[in-house]
Each structure stands twice: as C-alpha cells, then as structure tokens.
Participant: 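Below you'll find the structure I mean.
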Amino acid sequence: MASSSLPLLLLLLLASSSMASAAIVEHSFTVQDMTVRRLCRDQEITAVNSEYPGPTIHAHDGDVLVVHVSNKSPYDLTIHWHGIFQLLSAWADGPENVTQCPIRPGGNYTYKFKIKEQEGTLWWHAHSSWLRATVHGALLIRPKNGRPLPYPKPYKKIPILLGEWWNANVVHVEEEGLATGSGPNISDAYTINGLPGNLYPCSQNQTYTLKMARGKTYLLQVINAALNNQFFFKLANHNLTVVAVDAVYTDPYVTDVIVLAPGQTTDVLVKADQPPRSYYMAARPYADARPPIDFSDTITRAIVVYDGASPSAAPLMPTLPSFNDTPTAHKFYTNITSLVGARHWVPVPRHVDHHMFVTFGLNLAPCGLPNGTACGGPNGQRLSASMNNVSFVIPNDAGLSMLEAYFHKVKGVYSTDFPDQPPVEFDYTNSSIRLDNSLIFAPKATSVKKLKFNSTVEMVLQNTAFVSLENHPMHLHGFNFHVLAQGFGNYDPIHDPKKFNFLNPQIRNTIAVPVAGWAVIRFQANNPGVWLMHCHLDVHVPWGLAMGFEVENGPTPSTWLPPPPHDLPKC
C-alpha cells in the first residue's frame, strides 16, 4: 500500500471504530409536499413524513444518529442538526453549499453522526431557502442510561415548538423579496406545535391542548422554530423554572415569562399547582426595531387542561408583555447562568488567541434592476446585510461546498481574510447613521476567519443602526460559546470587560444580541472544518448577515476531519 494512503485509511478506521461502539438510532425522512388546512384555506407545504411539525427524534448522549433523507420535494434541500457539535463529523452539519451541496429533488443522502457529551433539547430543520418554516422538528437528547438529571425528575416531558405560518408558498415568499430587493411578506400567524390557536380565523378547532394532572411537575421543552420572530411565552397563573437553555444546564431561574430568539431552546419545569381548570399558554412576538420593521402583532395560544377541570369554564389568559418590552426581554436574557459542575459544563477559557470586534446589521446594495427600475429597499436600493462590512455570499455556483474545498485544498471557493475589526470606526448605534451613504454599502464576498485547532476566540458582537436597530439572534455552528456580558449602546473596551462573568456565564449556541447593543462571547475552536456563523432571522441570511470559520486539523489523526462520506451530494 502506498504510504500516502495510510493517513486516509487511519482516519476511516478511527471514524468507524468510534461509531461502532455506540448505540444506533435510525430514522427515515421522506420530504415532500402536502396540503394542510389553516386559517380558512388549504395550503401546500413541504414537510417530513407528512408531519407538521416533523418527527421528534429521541436519542441518548453517546448514540449514533443515522437519518436517511429522501427528497421528493421540488426543491433543493439540506437538514441541519441545530446545536449538535458534529465533532469530527462536519459533513453532517447541513448548511447548503457550506458543508455539503444540496440534496436535489429525487435525491437521497444519509446523515450519520455521533452525539458527544450533549444532553437536553435541540432541534433539526431544513437549511435551504425558507423551507425550515415547515421542515423542522425536535431533537431530544437524554442522559446516558443511569445518569440522573440535575433537577427534580418531571412526571412528563412535553416539546413545545413555536413557529410561523404563511398563507403562501414560503419559497416563493423569499424569492419575491429577493427579486424586488425589499423585505419579504410577513407571516400570517404564529403557531404552537403547528396549530395557530383560537384567536385566528377558522382556528377554533386548531388549538393545541395539553392535559396536566394536579400536583405533578412537567418539563416543557420550548423551541423557537420561527423564521423571523422572537417570542415572549407565558402560562397563565404558573411560574416557570428555567433549568436549561440550548441543551446546557442552568442554575434554576424562576420567572413567569421566558423569551426565545429563533433557534434557541429553553427547558422549564412547571408544577401543576393551581386550581383544576383550564389555562392558556401563549406566545407573542418580541420586536423592538427602531424604526419599526413590519411584523404581525398577534398571539398564538394553546390550552392546558387540568384533570377534573370543568369544560364550561373559559381558560384563563396570561397577560403578555408588550411587543417592544425590551426591559423584560433583557432581564430574562441576562439572568440566566450556567450550572457550574453539571455534566458537560465547561469553564471559560481564560487565555484568548483571537480578539475580534464584529459589527453587524442591515445594509444597502445597488439595486441592479434593468431600465432604472427602483428596488424596494430604502432610497430605491436593495436590502443587504453584513458583518464587519463584508456581506457574505454562499458559493452556490462553485461546483463544490466550502467544506469540500477545505478538505481537498481547492482554492477560489472562499477566502480566509475575514477582518478582525470593521474597516472604519463610527458611532455604531447612533440612529443618525441609518442611511449614511458613506458607510451603508458593504462589498459582497465569501470570507472566513482561519483558526488554529484548539485556539480560543473572543468576539464582541456589536449591533449597528443601519436601516433599523434590531435585536439579532446569532447562531454559531459546530460549537457552544460562553456569553461573558451583554449591554446597550456601543461596547466600551475600557469599562465593559469589568462586567465579564467568568464564574457561571450562560452557555449557548445562539445569542440574541440586544437591540442597539452588544454581546461578548468566547469559544474554543476544537472542531476542524468550516463552520458558519449567521443571523438566525432567515430574512437576513440571503442578504449576507453571516461569516465563517475555518478550523485547521489538530496535531494527531484523532483530531483530523475524516474524508467525506461516499454518498455526499454533488453540486
């Protein structure tokens, strides 16, 4: 055997031996269009196994998950396993043309990866166009057998998926917005477990119902699967005890309201300790954009029915915060702390190899329509977005994914020159710069930051005031991160580091960076491959609010990215 083949063979042997020692959890996903009735009309959607939301996956820490995907829809498709580290299995991460080419209509692909040192509530969703509006489901990871939970064992666990609904084909909604350069049409309703609830037209019998036994404690595994909206969530007359976020255990935090950005998960214990009757659980958007950005200020609700409740008594409705109640949202987001010493808890790395200051938000791009036709964005231009003044372009026409280019050392698919700072300093959150032509146009590029294996990155994520001040949920693939601090206004490099929490900061994969504010995160790049960081408002990703990290292989074969699977889709 040629010596050049030995490293490849060793990688294959290491990968196969790791998989062979674990239990296998196997699923088949058939993705195809189906018709469902919502809001007085029939609507064709894309779904998995004719289920909306899609199938719930149950697994244990240490299991190997194998999902055979058959794409019978008319659209290109990938599946992302949101929050899964994909340690040495980046080929299964899922973002289209980043870690894989899409599964074409009529095509198949098998995702195979090991769940390593993770437990709790995560989820899976399509990572192509806007398909995740209806192609999504819960991914619930139990501890290894025999390992206790770090909180009282609940009587029952209930996944609660918050979503959005359009009376339209969501792929066409996105395409129409991109064609005109404007924001796409907003959703027509919000949903709880796929149902809008009885405040919407023709939805009296489309309200999710949950039965509870008085005296029992339940774990609600709340997932924000919406495309473009954060949510306040409450259960009338009940406290919620937060015990985990993004599949990381937290110190117990008692509250009557939780807030979730798209992509985030929150586990809450609820004790059924109220008089036996019915209660609404409800969600409404948290949206404090300045100036306001169009959204539907409506409420989705479900009914919790105690055993023995009178069917004639109307359910009690919680009082929800106002849609722009930033103080309530910020109080929740900043009061979460991690449970020090819990399984899989990781202390904050104290040595930092890369300090990055990253501005991000909306931008404008030249319209480009023929015959001088104006676009739908401000000043007749096209809406865009950027990080450090680089508007990210996913390489859809490169002929291979970014990860394939990384593995095979193919040049020209992306560059490794993503900047550590913005090109100029300015008053980032001052609304007077909203449409400043000297700052608001960002060049397009496919740019990543190159990292040594195991190096530590600290990122200051700074919102900007271009077009509109917003709260942006930023999701990092391949890693969790510590949230050291967050606040409003421009980050102060002299005084704000004094606020860093090195003892028990929350650990997440998705951070809601405060409106007109900033957040500081820190993570260790211990996972070779190409990893996307992007805004989890789907309206912003095709505009360019993303960047990537290229993490080099480690020093030994056990820390190298294995070769691509044989059935990896071709571009």
Side-chain angles (χ1 to χ4, degrees), residues 33 43-46 73-78 80 94-98 101-102 104-105 125-135 164-188 226-229 262-263 289 293-296 360-387 389-398 402 435 440-447 466-468 470 472-473 475 532 534-548 571:
D33 286 356
Q43 179 62 49
E44 190 171 67
I45 66 170
T46 305
S73 82
Y75 310 109
D76 290 351
L77 173 81
T78 63
H80 171 52
E96 183 175 332
N97 292 316
V98 177
C101 298
R104 303 295 187 190
H125 60 79
H127 213 293
S128 300
S129 64
W130 274 23
L131 288 175
R132 80 171 172 91
T134 53
V135 179
E164 287 185 87
W165 179 263
W166 275 261
N167 285 331
N169 181 311
V170 292
V171 174
H172 296 165
V173 171
E174 181 193 25
E175 290 173 347
E176 289 163 6
L178 292 174
T180 62
S182 62
N185 290 338
I186 63 172
S187 56
D188 295 285
L227 289 192
N228 297 317
N229 280 283
I293 291 176
D294 197 19
F295 74 101
S296 174
F360 64 97
L362 300 183
N363 292 90
L364 296 180
C367 178
L369 291 179
N371 304 318
T373 304
C375 283
N379 299 337
Q381 302 297 331
R382 182 177 296 277
L383 285 169
S384 181
S386 72
M387 299 180 71
N389 204 49
V390 178
S391 186
F392 189 81
V393 178
I394 294 175
N396 295 328
D397 301 317
M402 295 174 69
L435 297 175
I440 201 169
F441 289 89
K444 301 285 184 179
T446 307
S447 182
F466 296 137
V467 182
S468 181
E470 293 184 271
H472 287 100
H475 172 52
L532 196 62
H534 63 94
C535 181
H536 220 267
L537 302 176
D538 269 25
V539 66
H540 291 167
V541 176
W543 292 345
L545 214 168
M547 54 88 63
C571 286

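Reckoned from all heavy atoms, side chains included, excluding hydrogens, waters and symmetry mates.
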Participant: Any heavy-atom pair between the side chains of Asn389 and Pro443 that's under 4.5 Å?
Facilitator: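 Touching, per the 4.5 Å side-chain cut-off.
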Participant: Testing the 3.5 Å rule here: is there a donor-acceptor pair between the side chains of Asp33 and Ser73?
Facilitator: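 No donor-acceptor contact under 3.5 Å links the two side chains.
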Participant: Can you check whether Thr373's main-chain N or O pairs, donor with acceptor, with Asn371's side chain at less than 3.5 Å?
Facilitator: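 It does not hold such a pair.
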Participant: Show the nearest heavy-atom pair for residues Ala126 and Leu131, with the distance to one decimal.
Facilitator: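 Closest heavy-atom pair between Ala126 and Leu131: CB-CB, 3.8 Å.
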Participant: For His172 and Tyr75, work out which heavy atoms get closest and say how close.
Facilitator: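 For His172 and Tyr75, the tightest heavy-atom pair comes out as NE2-OH, 4.4 Å.
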Participant: Verify side chain to side chain contact (heavy atoms under 4.5 Å, CB included) between Leu227 and Leu537, making sure each step is shown before the conclusion.
Facilitator: CA-CA 6 Å; Leu227 289 192; Leu537 302 176; over 6 Å; no
Participant: In Å, rounded to the nearest 0.5 Å, how long is the span from CD1 of Ile394 to OG1 of Thr446?
Facilitator: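 Reported to 0.5 Å precision, the distance equals 8.5 Å.
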Participant: Describe, in one word, how the ring planes of His540 and His472 are oriented to each other, choosing from parallel (under 30°), tilted (30 to 60°) and perpendicular (over 60°).
Facilitator: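 Geometry flag for His472 against His540: tilted rings.
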Participant: For the CD atom of Glu96 and the NE2 atom of His80, what is their distance to the nearest 0.5 Å?
Facilitator: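 These two atoms lie 14.0 Å from each other.
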Participant: I'd like to know whether Ser187 forms a side chain to side chain contact (heavy atoms under 4.5 Å, CB included) with Trp165, so could you lay out the CA-CA distance, the side-chain angles of the two residues, the decisive distance to 0.1 Å, and finally the verdict.
Facilitator: CA-CA 6 Å; Ser187 56; Trp165 179 263; 5.9 Å; no
Participant: Using the ring of each side chain (for Trp, its six-membered ring), is His127 parallel, tilted or perpendicular to His534, with breaks at 30° and 60°?
Facilitator: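 Geometry flag for His534 against His127: perpendicular rings.
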Participant: Between Ser391 (side chain) and Ala385 (backbone), is there a donor-acceptor pair under 3.5 Å?
Facilitator: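 Flag set: sc Ser391 to bb Ala385 pair under 3.5 Å.
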Participant: Restricting to non-hydrogen atoms, name the atom on Ser129 and the atom on Glu174 that form the minimum distance, rounded to 0.1 Å.
Facilitator: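 Closest heavy-atom pair between Ser129 and Glu174: CB-OE1, 3.2 Å.
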Participant: Tell me whether Ser384 contacts the main-chain N or O of Trp543 through its side chain, where contact means a donor paired with an acceptor under 3.5 Å.
Facilitator: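 It does hold such a pair.
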Participant: Write down the atom of Cys375, the atom of Gly181, and the distance for their closest heavy-atom approach.
Facilitator: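 Taking every non-hydrogen atom into account, CB-CA, 4.4 Å.
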Participant: What is the distance from atom CG of Leu362 to atom CD of Glu470, rounded to the nearest 0.5 Å?
Facilitator: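 The CD atom of Glu470 is 5.0 Å from CG of Leu362, to the nearest 0.5 Å.
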Participant: Do any N or O atoms from the side chain of Thr134 and from the backbone of Ile45 form a donor-acceptor pair under 3.5 angstrom?
Facilitator: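 No.
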Participant: Using 0.5 Å steps for rounding, measure from the CZ atom of Arg132 to the CG atom of Leu77.
Facilitator: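 Here the interatomic distance stands at 14.0 Å.
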Participant: Please name the pair of heavy atoms, one in Pro378 and one in Leu383, separated by the smallest distance, quoted to 0.1 Å.
Facilitator: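 Closest pair (atom of Pro378, atom of Leu383, distance): CD-CD2, 3.7 Å.
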Participant: Within this structure, what is the CZ-CG distance for the pair Arg382 and Leu364, rounded to the nearest 0.5 Å?
Facilitator: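 Between Arg382 CZ and Leu364 CG, I get 11.0 Å after rounding to 0.5 Å.
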Participant: Looking at Thr78 and Cys101, what are the two nearest heavy atoms and their distance?
Facilitator: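 Of all heavy-atom pairs spanning Thr78 and Cys101, the closest is CG2-O, 4.2 Å.
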Participant: Answer yes or no: is there a donor N or O on one side and an acceptor on the other, between the side chain of Asn185 and the main chain of Val173, under 3.5 Å?
Facilitator: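 Looks like no, no N/O pair under 3.5 Å.
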Participant: Is Glu164 reaching over with its side chain to a backbone N or O of Asn228, donor-acceptor style, under 3.5 angstrom?
Facilitator: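 Checked: pair present.
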Participant: If we ignore angles and hydrogens, is there a donor and acceptor under 3.5 Å between the side chains of Ser386 and Asn363?
Facilitator: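 Checked: Ser386/Asn363 side chains pair up, N/O donor to acceptor below 3.5 Å.
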Participant: Checking Asp76 side chain against Ser128 main chain: does a donor-acceptor pair fall under 3.5 Å?
Facilitator: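 No, Asp76 side chain to Ser128 backbone: no donor-acceptor pair under 3.5 Å.
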Participant: Please lay out, stage by stage, how Trp130 and Val171 fare under the test side chain to side chain contact (heavy atoms under 4.5 Å, CB included).
Facilitator: CA-CA 6 Å; Trp130 274 23; Val171 174; 5.6 Å; no
Participant: With the side chain counted from C-beta on, respond yes when Val467 and Ile293 share a heavy-atom pair under 4.5 Å apart, and no when they do not.
Facilitator: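 When only atoms from C-beta onward are counted, Ile293 and Val467 do not touch, as no gap falls below 4.5 Å.
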Participant: How long is the straight-line distance from CZ of Phe441 back to CZ of Phe466, given to the nearest 0.5 Å?
Facilitator: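 Reported value, rounded in 0.5 Å steps: 11.0 Å.
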Participant: Using side chain to side chain contact (heavy atoms under 4.5 Å, CB included), reason through Leu545 and Phe392 one step at a time and then give a plain yes or no.
Facilitator: CA-CA 6 Å; Leu545 214 168; Phe392 189 81; over 6 Å; no
